[in-house]
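Remember, predicted model here, so these are calculated numbers, not experimental data. Keep in mind that the numbers below use all heavy atoms, side chains included, and drop hydrogens, waters and symmetry copies.
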Amino acid sequence: EGNTTVNYPTGFTINNCVVIGVGIEHSATSTAMCFGTNSSKDAGAQLYSSNIKIYSVPETAGQGPSGDVGFKVVLMKV
């Protein structure tokens, strides 16, 4: 469980894109989570004016795996 922030890719802003999906992989368990496909965990992204916040929250707070986390965010320009 946790979060991080990343910059927008070139040409993307809070005003011209939406999040299509988020994928997170926990290295400690080799489990991949994709937004909306795993009922026991939640992953998502929030758009802010200066950056994108990516988060992973297990169903029971504090009960998620620990270790390094990789992620992919799919954005679509609108």
Side-chain angles (χ1 to χ4, degrees):
E1 103 184 72
N3 64 71
T4 191
T5 57
V6 296
N7 293 327
Y8 284 96
T10 301
F12 286 75
T13 70
I14 190 172
N15 297 316
N16 71 0
C17 71
V18 295
V19 177
I20 299 298
V22 177
I24 295 178
E25 181 177 8
H26 290 278
S27 63
T29 60
S30 296
T31 57
M33 296 187 301
C34 292
F35 185 69
T37 63
N38 187 333
S39 62
S40 66
K41 295 178 176 66
D42 230 354
Q46 294 174 311
L47 302 179
Y48 293 94
S49 59
S50 60
N51 57 35
I52 303 168
K53 178 180 177 182
I54 297 139
Y55 61 88
S56 168
V57 180
E59 187 175 294
T60 305
Q63 300 298 312
S66 61
D68 292 333
V69 176
F71 61 86
K72 293 181 181 182
V73 178
V74 180
L75 299 174
M76 181 177 75
K77 272 191 170 183
V78 293

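- Counting only residues at least two apart or on different chains, the side-chain hydrogen bond (donor to acceptor under 3.5 Å, both in side chains) pairs with a member in residues 6-22 are Thr13-Asn16.
- Side-chain contact between Val6 and Val73: absent, with no pair of heavy atoms (C-beta onward) separated by less than 4.5 Å.
- In terms of the side-chain hydrogen bond (donor to acceptor under 3.5 Å, both in side chains) criterion, Thr4 has no residue partners (sequence neighbours excluded).
- The minimum heavy-atom distance linking Met76 with Ile20 is given by the pair CB-CG1, 3.6 Å.
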Legend entry - Verdict with reasoning, Leu75 to Val19, per side-chain contact (heavy atoms from CB on, under 4.5 Å): CA-CA 5 Å; Leu75 299 174; Val19 177; 3.9 Å; yes
Which side-chain N or O atoms in residues 44-52 pair as donor and acceptor under 3.5 Å with protein atoms at least two apart or in another chain?
{"unit_1": "Gln46", "atom_1": "OE1", "unit_2": "Tyr48", "atom_2": "OH", "d": "3.1"}

